[in-house]
Q: 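The following block contains the structure, expressed as structure tokens.
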Amino acid sequence: MSFRARHLLGIEHLAPDEIRSVLDLAERYVELNRRTIKSSDALAGMTQINMFFENSTRTQASFELAGKRLGADVMNMSVAQSSVKKGETLIDTALTLNAMHPDLLVVRHPHSGAVNLLASKVNCAVLNAGDGKHEHPTQALLDALTIRRAKGRIQRLTVAICGDIAHSRVARSNLILLGKMENRIRLIGPPTLMPSGVAEFGCEVYDDMKEGLKGADVVMMLRLQKERMDGGFIPSEREYYHRYGLDAEKLGYASPEAIVMHPGPMNRGVEIDGEIADDINRSVIQDQVEMGVAVRMACMDLLARNLRAERGARAVGAMV
Amino acid sequence: MTTLHFTNARLIDPEAQSDALGTLTVEAGVIAALNGAAPAGAEVIDCGGHCLAPGIVDLGVKIGEPGERHRESFRSAGLAAAAGGVTTIIARPDTHPAIDTPEVLEFVTRRAAEASPVRIRHMAALTKGRQGREMTEIGFLRDAGALAFTDADAVSTDTKALARAYTYARSLGALVIGHPQEPGLSKGAAVTSGKFASLRGLPGVHPMAERMGLDRDLALVEMTGARYHADQITTARSLPALERAKANGLDVTAGVSIHHLTLNEIDVGDYRTFFKLTPPLRSEDDRLAMVEAVASGLIEVISSQHTPADEESKRLPYEEAASGAVGLETLLPAAMRLYHAGHLSLAELWRALSLNPARRLGLPQGRLALGAPADLVLFDPDTPFVLDRFKLRSKSKNTPFDGSRMEGKVLATYVGGARVYAAGE
């Protein structure tokens, strides 16, 4: 098992073998999660704190369940309504929590880089559950696991990432991961929703969806991040749906075996047609949710192993 | 006042563009002789072949008085400047409250003279409260000593009000300093747009926002005939506009910060907020274009754009963190990077650090000439060191050079013939 990271802040800092290690371990947790007795003791005695500075139901539930199945003591802090509103800085919050000796901190924050900042101030393992428009590493890992299980591999695939790339941390983490695993990546969306400097990303960029979907093995849809937009990026939702919403006609341009993915929550009738989303022959959206728990268990297990090894080494060092 | 005679000095003369060993004599606070013999009774200072140059005139320094003395006071800024070879600070008016009335200007002028070992001169706001709506009392402020008029980084969208302020300033021959930035396009930006901004997920501004701001300001200059200086030109896209304005005979000059000449956007790395500046750091291509523009004289002035920020305001997520870096003490060693890289000679550097800003503001400093004030810096361009931000004299320690290897050490600084700093004391 090779996974050397102390924190999981992004895909950017992971090597391909580390990514494979996460996926391999996650496979075993998929099996565990399908049993009636789903418990493991990988995190027994450890404390996991979920700090969500941004509201989230799905991701927080997934992390909570993952921690509980591994035997950790899990605490949820909805920081959106707490002392942060009273003017306490992120650093103060981090130091306060750090004094309670958590082993794993799972953090979501509306500002890019905030989780990196927090990780530099605490002495436990920090897991980025999404920071601003930067990264959402566990989403990319669970997407990779979903693709690998559906397609039998995670290399040499043509993956189309469609929609609101500019505001999406999911897109960033995915395109870094898929790039590291040597896939052909296409970015599809209106030019106003493309990130700046996109030409230097080593991806193919399309503003015509049908053109971009031609022969794609994987169609990854993104949610239109209305809450992250200030001002008009698109003329209207109906025009967006007409040009970039995934429906049967547009999907017809992709490979006949293409799978359809979406990180959720979906805006049906905005970026995806409800029938496509629910089509069990094409859509793997429910699998993504299942893989999410397994991948998060794998990530936390691996981080906990490194944490124990580090603390053990320090204890030995102290004795010598 | 004692007579000083510097011998064995490598004289850096930005006016003559020369760099040669010689002697320099100071009497009654002014340069009395060059390459002459030591007058009887003079204190002889053997420079050991080190460089003796006019003291730096730093155009655009933020000091926290009034309003933010915990960030920087006239005393701390003055000590930092002396240690950095800066003998004249040209202070910005973006204080709290803004320096926008003759009363505030007289107050800060008096405070600065009491507290600082180096000269501090002030700029005043162009519009009241830097709000961009009503012009300040430009005439009174000029009489009270304001060297130039600027709203610093507050860019007005009220072009009519600006046109009036420029026109009025022109009638008094006052220098207007603009911050070329189109405020709509640059709103909320933390970095320069592009691949790096996108990978970090940070809001970016296109370099074109600077060009658009400059184009607007230059059109106002053409319309009103005002004397204009752009505080910071940082991208290659602005250069053709600047060149054209000069070719058309407009009274226009431009500056650049030392940080934009020595750092680029990639230095931000993993959200290092000490590298958050206004305007943001640019691409390496832009940096090299700025260095070339200084060498060619298209950009006349290099400044520190010293902007103290306390720890609290920098220890925040990148988007929320304060912008700006301290630079009074690191301006000279950072400039030495350009010298050691072979981009600029010392005489060329001092033209931009001292002669040009003094000339533009109508000050007698910046020259190694008979009768010029004996504001001098003695330095060794080669002494290596690793910068420790906690050793800076500024109250704020927000330098992007923390932990960096640098070369160039100030050995002594003189203001009006009086020594205000000596290394090791």
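Every chain is numbered from 1 and lettered A, B, ... according to where its sequence line falls, protein lines coming before strand lines.
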Q: Can you tell which part of A:Glu135 gets under 4.5 Å to a heavy atom of chain B, answering side chain, backbone, both or neither?
A: neither
Q: Nearest 0.5 Å, please: how far is NE2 in A:His134 from CG in B:Leu202?
A: 8.0 Å
Q: Using side chain to side chain donor-acceptor pair (under 3.5 Å) as the criterion, list what pairs up with B:Arg244, not counting sequence neighbours.
A: none
Q: Among B:Glu312, B:Arg315, B:His206, which residue forms the greatest number of heavy-atom pairs with chain A at distances under 4.5 Å?
A: B:Arg315
Q: For A:Arg243, does the CZ atom sit with more than 12 other heavy atoms under 6.0 Å from it, leaving out its own atoms?
A: no
Q: Any side-chain to backbone donor/acceptor pair from B:Ser198 onto A:Ser196? Under 3.5 Å, distance only.
A: yes
Q: Do any of residues 270-280 of chain B have a heavy atom less than 4.5 Å from a heavy atom of chain A, and if so, which, in residue order?
A: B:Asp270, B:Tyr271
Q: Are there more than 12 heavy atoms of other residues, nucleotides or ligands under 6.0 Å from atom CZ of B:Arg133?
A: no
Q: Above 12 or not: heavy atoms from other molecules or residues under 6.0 Å from CD of B:Glu292?
A: no
Q: How close do A:Glu12 and B:Arg200 get, counting heavy atoms only, and between which atoms?
A: OE1-NH1, 3.1 Å
Q: Is any side-chain heavy atom of B:Tyr318 closer than 4.5 Å to a side-chain heavy atom of A:His111?
A: no
Q: The criterion is side chain to side chain contact (heavy atoms under 4.5 Å, CB included); which residues satisfy it with A:Glu211, sequence neighbours excluded?
A: A:Tyr206, A:Asp208, A:Lys214
Q: Would you name the heavy atoms of B:Pro317 and A:Leu90 that are closest together and state the gap between them?
A: CG-CD2, 3.9 Å
Q: Should the pair B:Glu319-A:Lys133 be classified as a salt bridge under the 4.0 Å nitrogen-to-oxygen rule?
A: no
Q: Could I get the full list of side chain to side chain contact (heavy atoms under 4.5 Å, CB included) partners for A:Pro191, not counting sequence neighbours?
A: A:Asp207
Q: Counting only heavy atoms not in A:Glu182 (residues, nucleotides, ligands), do more than 12 fall under 6.0 Å from its CD?
A: no
Q: Can you tell me if A:Ser112 uses its side chain to pair, donor with acceptor, with the backbone of B:Gly201 under 3.5 Å?
A: yes
